[in-house]
Amino acid sequence: MSEEVRIYIGGVHASERPTVIKTLLGSCVGVCLHDPAAGVGGMNHFMLPHGDGAGDDALRFGVHAMDCLIGSIMKVGGDRRRLVAKVFGGARMLALKGHLGNVPQQNIAFVSEFLETEGIPILSSDVGGHHARHVHFHTGSGRAFVKRVVGAHARAVVDDETRTTTPPASGSVTLFP
Amino acid sequence: MSATILIVDDSKMVRRLVSGALSVDQHRVVEAPGAREALAALDAQPVDLVITDVNMPDVDGLDLVRAVRARPRERFTPVLVLTTESGEDMKQRGREAGATGWLVKPFDADQLRHTVQRVLAARPR
């Protein structure tokens with residue numbers, strides 16, 4: 001029986017043991033990375049910051065979300081040179097208003113550019129559209145299962161994502177004496 | 001003061017971001033995707049500062065720091081570690097390996113530039 005882990009916005013998880021990582025994506029994206037040779041994988045769940053002056057912050061934040069995922073997979077025995085990707089989310093939820101409306105497309109475009117730059121092939125993706133998605137990712141096999149979400153549940157996803165708008169603080173600096 | 005800085009990170013996107021931040025101060029940036037390429041770059045030219053990631057394939061960043069310290073020419077060259085690792089035990093390992101400082105990602109461009117200037121100003125000549 002595989003272990004199960006649920007991740008939320010800003011979350012990342014990788015495991016050396018076969019694990020089912022579950023998440024619920026609206027306009028956010030979730031990237032599943034798998035190293036078939038090592039049989040390990042992981043997933044993140046993030047949304048680029050938006051609003052005034054988010055340009056550089058957004059890029060840095062997205063790169064950080066991917067960097068954390070790749071680093072976590074390498075720590076459990078994966079090799080970034082063997083990684084393959086599956087990409088989900090980026091729905092244009094009908095309840096999203098104003099500048100938030102561009103965020104899903106930006107999320108998808110960022111992930112595509114990142115993976116291409118890093119030479120990580122996308123095996124499959126289910127992005128865009130107007131519905132939230134439940135994603136289950138099996139880290140051992142690399143298989144992913146997606147189910148569309150409608151109704152009141154979808155509304156809760158939008159509320160959650162709308163609250164998460166600020167980029168994370170930058171990390172600490174330590175100079176050794 | 002402009003300097004030659006070697007950036008070692010297995011992520012091309014991270015190297016691009018760091019390079020972009022440092023080019024504002026007219027630094028010359030040399031990029032390497034791993035420790036082996038970094039040592040080859042050091043053979044090819046002297047640098048004023050090395051900035052390295054920790055989690056990389058084949059040879060990790062802390063082993064690179066030790067390898068840099070073992071080279072006569074780079075024995076005192078400042079080496080900053082730029083990583084997602086934020087644990088105190090990892091920082092301590094970095095310090096023991098001979099790193100000059102430890103920066104936790106995500107980095108702020110201005111803070112990185114400021115730290116680089118500070119480290120360059122303090123280096124032995």
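Numbers restart at 1 for each chain; the letters A, B, ... are given by sequence-line order, proteins then strands. Note that these values count all heavy atoms, side chains included, but never hydrogens, waters or copies made by symmetry.
Within the model, atoms OG of A:S170 and NZ of B:K105 stand 14.0 Å from one another, a figure rounded to the nearest 0.5 Å. Interatomic distance, CE of A:M74 versus CG of B:D60, reported as 9.0 Å (0.5 Å rounding). Rounded to the nearest 0.5 Å, atoms CE (B:M13) and CG (A:L59) are 5.0 Å apart. Rounded to the nearest 0.5 angstrom, B:Q92 CD and A:T174 OG1 are separated by 11.0 Å. Rounded to the nearest 0.5 Å, atoms CG (A:D67) and CG (B:D9) are 6.0 Å apart.
Using a 4.5 Å heavy-atom cutoff, the side chains of B:N55 and A:I70 are not in contact.
B:R75 CZ: 12 or fewer foreign heavy atoms inside a 6.0 Å radius. More than 12 heavy atoms of other residues, nucleotides or ligands lie within 6.0 Å of CZ in B:R71, so this atom counts as buried by the packing criterion. For B:R69, the CZ atom is densely surrounded, since the number of other residues' heavy atoms within 6.0 Å is greater than 12.
For B:S11, the parts sitting under 4.5 Å from any heavy atom of chain A are the backbone and the side chain alike. At a 4.5 Å heavy-atom cutoff, B:L112 makes no contact with chain A through either its backbone or its side chain. Contact of B:V119 with chain A is made through the side chain alone, with heavy-atom distances under 4.5 Å. When heavy atoms are compared at a cutoff of 4.5 Å, B:A109 approaches chain A by way of both its backbone and its side chain. Only the side chain of A:V63 comes within less than 4.5 Å of a heavy atom of chain B; its backbone N, CA, C and O stay farther away.
When the side chains of ILVMFWY residues are joined at heavy-atom separations under 4.5 Å, either directly or via intervening members, A:L33 and A:V135 end up in two distinct hydrophobic clusters. Clustering ILVMFWY residues whenever any of their side-chain heavy atoms sit less than 4.5 angstrom apart, transitively, puts A:F137 in a cluster other than the one holding A:V12. Both A:I120 and A:V40 are part of a single hydrophobic cluster, where members link through side-chain heavy atoms under 4.5 Å apart. Hydrophobic clustering, with ILVMFWY side chains joined whenever heavy atoms are under 4.5 angstrom apart, groups B:L80 together with B:L17. A continuous path of ILVMFWY side-chain contacts below 4.5 Å connects A:I122 to A:I108, so both sit in one hydrophobic cluster.
Using a distance-only test at 3.5 Å, with no hydrogens or angles considered, no donor-acceptor pair links the side chain of A:R80 to the main chain of B:M56.
In terms of heavy-atom proximity, A:E118 sits nearest to B:D10 at OE1-O, 3.8 Å. Between B:K91 and A:S172 the shortest heavy-atom distance is NZ-OG, 3.7 Å.
A salt bridge links A:R81 with B:D58: at least one charged nitrogen is closer than 4.0 Å to a carboxylate oxygen. No salt bridge links A:E116 with B:K12; every basic N to acidic carboxylate O contact stays at or beyond 4.0 Å.
Taking chain A as the reference chain and counting heavy-atom pairs below 4.5 Å, the highest number among B:P78, B:A99, B:S86, B:G20 is found for B:A99.
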